[in-house]
Amino acid sequence: MSSKASISPKEVTRLIKKLHPFRFEKGLIRVGPNKDGGYLVPNDLEGIHSCFSPGVGDCSDFELWCFNQGINIFLADGSVDYPDLDLDAKDFHFLKKFIGQKDDAKCVSLNTWVQSHNYDNNNDLLLQMDIEGAEYDCLFEATSTLLKRFRIMIIEFHELDRLWQPDFFRRAEIVFEKILDTHVCIHIHPNNNVKIYSQSMVDIPPVAEFTFIRKDRTKSTRYETRLPHRLDYDNSMDLPSLVLPDIWYKKRWWDRVFSLFG
């Protein structure tokens with residue numbers, strides 16, 4: 001990517017600040033393995049009817065955990081024939097299609113996928129999405145009504161280093177603003193498979209896992225001031241650890257002072 005910034009550091013920083021995670025009053029739990037495929041989730045899962053999980057990797061421990069909690073699980077991915085899930089086929093739903101922007105032979109929109117199961121609109125849902133960059137188009141097309149049905153959303157956002165590019169920034173901004181209209185961010189974890197990208201003194205993790213909770217489930221006005229969380233683990237054990245850059249959260253003022261003076 002060119003080092004020339006078309007979007008100003010002020011604009012990029014303004015968007016980042018909107019995503020500063022709040023401290024969830026009920027705390028976070030880890031679901032899935034202590035590596036890639038595990039996520040920090042708000043301790044507020046009781047009553048969630050179903051988990052929709054687009055993007056099937058080589059580990060489905062997250063979805064298995066949900067199933068064991070009595071949550072229906074739905075998986076979708078056009079790049080695999082079947083998920084590596086030690087369950088009877090009748091115990092879960094798998095769609096061999098990509099979740100994307102439109103409906104065609106290979107893809108289905110998030111709206112269509114969820115609505116095809118004819119769930120009562122009063123049921124709270126969980127979204128766990130890792131679709132390798134297609135999340136922006138998918139969420140851009142998703143209706144606000146649908147997004148509000150997800151009590152919790154765990155989304156891995158890719159290519160965040162492209163926030164300097166005008167077209168990408170505007171689309172990403174729309175997607176994040178749509179999410180923040182109904183949800184608040186409560187955790188960010190950088191994926192250490194990709195190094196931090198720095199430009200104009202702004203540090204950006206190109207890939208990061210974001211956890212959001214719907215606004216009616218929290219009254220917190222306190223920002224998270226200490227990251228990483230004690231339950232965070234690197235996505236890859238074979239690569240150097242990554243720490244979320246200070247600009248992405250409200251680091252305590254005395255921690256900032258200590259970091260400046262060693």
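Computed from a prediction, not measured in an experiment: that's the story for all the values here. Counting begins at 1 with the first residue of the sequence.
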Please check if atom [atom1] in [X] has more than 12 non-hydrogen atoms from other residues, nucleotides or ligands closer than 6.0 Å.
X	atom1	result
Asp216	CG	yes
Asn193	CG	yes
Lys106	NZ	no
Asp167	CG	no
Lys148	NZ	no
Lys195	NZ	no

Do Ser53 and Ile73 touch side chain to side chain, with heavy atoms closer than 4.5 Å?
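Side-chain contact under 4.5 Å: no.
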Does any N or O in the side chain of [X] come within less than 3.5 Å of the main-chain N or O of [Y], such that one atom is a donor and the other an acceptor?
X	Y	answer
Asp137	Ala134	no
Ser60	Glu63	no
Lys18	Leu180	no
Lys102	Cys107	no
Arg30	Leu231	yes
Glu224	Arg226	yes
Lys97	Asp104	yes
Asp124	His49	no

Flag the pair Arg170 and Glu11 as a salt bridge only when some basic side-chain nitrogen lies within less than 4.0 angstrom of an acidic carboxylate oxygen.
yes
Charged N-O contact under 4.0 Å between Lys96 and Asp81
yes
In the single-linkage hydrophobic clustering (I, L, V, M, F, W, Y; side-chain heavy atoms under 4.5 Å), do Ile131 and Val108 co-cluster?
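Result: yes, single cluster for both.
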When Trp113 is tested against each of Phe94, Phe98, Phe52 for ring pair (Phe, Tyr, Trp, His ring centres under 6.0 Å), which residue passes?
Phe52
To the nearest 0.5 angstrom, please state how far the CG atom of Asn43 sits from the CD atom of Glu25.
11.0 Å
Between Phe176 and Phe157, how do the two ring planes meet: parallel, tilted or perpendicular, split at 30° and 60°?
tilted
Report all side-chain donor-acceptor pairs from residues 201-213 shorter than 3.5 Å, counting only partners two or more places apart or in another chain.
from	atom 1	to	atom 2	distance (Å)
Asp203	OD1	Ser198	OG	2.5
Glu209	OE1	His189	ND1	3.1
Glu209	OE2	Asn235	ND2	2.7
Thr211	OG1	Leu40	O	2.8

What verdict does the salt bridge (charged side-chain N to carboxylate O under 4.0 Å, His left out) test give for Glu141 and Lys178, after you've listed the backbone C-alpha separation in whole Å, the side-chain angles of each residue and the deciding distance to 0.1 Å?
CA-CA 10 Å; Glu141 292 298 329; Lys178 179 185 281 189; over 6 Å; no
Tell me, with the steps shown, if Gln165 and Phe169 meet side chain to side chain contact (heavy atoms under 4.5 Å, CB included).
CA-CA 6 Å; Gln165 301 174 6; Phe169 178 89; over 6 Å; no
Going by atom types only, do His93 and Asn72 share a side-chain donor-acceptor pair under 3.5 Å?
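Distance-only check fails for His93 and Asn72.
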Return yes if a side-chain donor-acceptor contact under 3.5 Å exists between Asn192 and Ser236, otherwise no.
no
Among Glu159, Met129, Glu156, whose side-chain contact (heavy atoms from CB on, under 4.5 Å) with Glu135 holds?
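That would be Met129.
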